[in-house]
Amino acid sequence: MTVALSVEEAFYAYEAVRHRLPDAARPGGACRDVATLADIAPAFDAFLLDAFGVLNIGETAIPGVAERVADLQQAGKRVLVVSNAAGVPHRDTIEKYARLGFEFAPSDIITSRSTLIAALHGAESRRWGLMASRGTGFGDLAGLDVRYLEDDPAAYAEVEGFLLVGSWGWTEARQSLLEEALLADPRPVYVGNPDIVAPREDGFSREPGHFAHRLADRTGIAPRFYGKPFGDIYDLALARLGPDIARDRIVMVGDSLHTDILGAQAAGLRAALIADYGFFSGYRIADAIGQAGIRPDYIVARP
């Protein structure tokens, strides 16, 4: 759901859960101001691009970014999408970016959903309760034993673990059912989207990470997060790039300090923060950087 959160409220929501986020593996960057990604292209062989706030806002492409990505690709740069989008199947994500004018191969789009699925295929088989919109279908989750979590308390009691992948349609009543079920019978909670909020056309939406941190605070259960800023999604991206590109020649480009920038630094990569779109659009970025102590290598006005 979309909510009336200010940038400050969203920022402090991330600050409040810093104890659950990874630490940076290298010092913060110089926060060098540049106009566009074209200005830093000579310094890098690979670009990892966040989706919301970098490629698009909600269902709308940011003007000129498809052309910028095409220019990078034509210059021989590897360009991957590395996104905490977990609410829809992979094929739908591929179709979305094609519709918005981007030319990505299916293997060039890496989401927290695909990271979660990779982990599940190597984990103990369970019957899972699924936080997701029924309208998106199971898609690439179809091979798992899952049932939707809606308004029937029995569903929460009978499953052996919980998958939080999409919060569209999630309600306070359902959150209460989930928390009560975990208090009565603690079980694993896997979170396919660690984002607390995401920028959309009409405000911030509350994402699965918001609800995961809430249940952790109330129940004491530590969720397993899959996606930025946690390392598994970066490991998957690095595996796609192969061993021939040095980490200091790879830059993560995103609009969030606590997911994109911190995650890149935890993975030993360079990081560029988008200033004019997404999370910090219209906000004093220098203040946020100073308060969080998360310093990107570059602050890019627009992709």
Side-chain angles (χ1 to χ4, degrees), residues 22-29 34 36-56 65-86 90-91 93-94 96-98 100 102-122 140 192-195 225-257 259-274 296-298 300 303:
D23 295 322
R26 65 176 183 81
V34 298
T36 73
L37 295 180
D39 296 308
I40 64 172
F44 298 104
D45 299 318
F47 287 76
L48 310 182
L49 305 182
D50 183 29
F52 281 25
V54 177
L55 302 179
N56 58 290
V65 179
E67 293 79 4
R68 180 82 63 214
V69 169
D71 288 344
L72 292 172
Q73 292 168 327
Q74 290 168 11
K77 311 296 182 181
R78 289 292 306 278
V79 183
L80 305 183
V81 179
V82 180
S83 168
N84 280 355
H90 189 64
R91 70 168 184 276
T93 303
I94 295 167
K96 172 181 178 176
Y97 286 105
L100 294 179
F102 297 94
E103 295 188 11
F104 295 116
S107 60
D108 290 339
I109 300 177
I110 300 169
T111 65
S112 55
R113 182 185 180 103
S114 58
T115 310
L116 169 65
I117 290 171
L120 289 172
H121 284 309
D140 37 15
N193 180 354
D195 283 353
F225 292 98
Y226 295 91
K228 299 173 296 183
F230 300 91
D232 43 21
I233 194 168
Y234 291 97
D235 291 342
L236 191 54
L238 291 170
R240 296 279 173 88
L241 290 175
D244 296 333
I245 302 178
R247 292 199 182 201
D248 63 359
R249 297 286 296 180
I250 303 169
V251 61
M252 176 73 218
V253 182
D255 68 318
S256 167
L257 287 172
T259 56
D260 305 305
I261 307 306
L262 179 60
Q265 292 175 345
L269 308 178
R270 301 295 178 179
L273 181 69
I274 298 300
D297 297 282
Y298 302 94
V300 185

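Side-chain contact check for Asp232 versus Phe225: every heavy-atom pair is 4.5 Å or farther apart. Ile261 is not listed as a side-chain neighbour of Met252, based on a closest heavy-atom distance of 4.5 Å or more. The shortest side-chain heavy-atom distance between Ile250 and Arg78 does not fall under the 4.5 Å cut-off. Within the 4.5 Å cutoff, no side-chain heavy atoms of Asp50 are placed close to those of Ser256. Looking only at side-chain heavy atoms (C-beta outward), Asn84 and Pro194 come within less than 4.5 Å of each other. Under the 4.5 Å side-chain criterion, counting only non-hydrogen atoms from C-beta, Val79 is not in contact with Asp108. Between Ile274 and Val253, some side-chain heavy-atom pair lies under the 4.5 Å cut-off. Looking at Leu241 and Leu48, their side chains come closer than 4.5 Å, going by heavy atoms from C-beta outward.
Heavy atoms only, all atoms of each residue included: Tyr226 and Thr115 are closest at CD2-O, 4.2 Å. Between Leu80 and Ala237, the shortest heavy-atom distance links the atoms CD1-O, 3.8 Å. The two residues Tyr97 and Asn56 come nearest to each other via the heavy atoms OH-OD1, 2.9 Å. Considering every non-hydrogen atom in both Ile233 and Ile110, the closest pair reads CG1-CG2, 3.9 Å. The nearest pair of heavy atoms linking Val81 to Ala51 is CG1-CB, 4.3 Å. Among all heavy-atom pairs drawn from Gln265 and Gly28, the shortest one is NE2-CA, 3.8 Å.
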Open item on the list: What verdict does the side chain to side chain contact (heavy atoms under 4.5 Å, CB included) test give for Leu273 and Asp260, after you've listed the backbone C-alpha separation in whole Å, the side-chain angles of each residue and the deciding distance to 0.1 Å?
Closed with: CA-CA 8 Å; Leu273 181 69; Asp260 305 305; over 6 Å; no
TODO: Test side chain to side chain contact (heavy atoms under 4.5 Å, CB included) on Val251 and Asp297 and set out the steps.
DONE: CA-CA 9 Å; Val251 61; Asp297 297 282; over 6 Å; no
- [ ] Please step through side chain to side chain contact (heavy atoms under 4.5 Å, CB included) for the pair Lys228 and Tyr234, ending with a clear verdict.
- [x] CA-CA 8 Å; Lys228 299 173 296 183; Tyr234 291 97; 3.4 Å; yes
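Side-chain atoms of Arg247 do not come within 3.5 Å of backbone N or O of Leu238 as any donor-acceptor pair. Judged by distance alone, the side chain of Arg68 and the main-chain N or O of Pro303 form a donor-acceptor pair under 3.5 Å. Under a 3.5 Å cut-off, the side chain of His90 and the backbone N or O of Pro106 do form a donor-acceptor pair. Here the side chain of Glu103 pairs no donor or acceptor atom with the backbone of Gln73 at under 3.5 angstrom. With hydrogens and angles disregarded, a donor-acceptor distance shorter than 3.5 Å links the side chain of Ser112 to the backbone of Gly192.
Between Asp23 atom CG and Leu262 atom CG the span is 7.5 Å, to the nearest 0.5 Å. Atom CG in Leu49 sits 11.5 Å away from atom CG in Asp255 (nearest 0.5 Å). We find the OG1-CG distance between Thr111 and Asp140 to be 7.5 Å, quoted to the nearest 0.5 Å. Distance NZ/Lys77 to CG/Leu72: 8.0 Å, rounded to 0.5 Å. Atoms CD and CD, from Gln74 and Glu67 in turn, are 10.5 Å apart once rounded to the nearest 0.5 Å.
Using cut-offs of 30° and 60° for the angle between ring planes, the Phe47 and Phe44 rings count as perpendicular.
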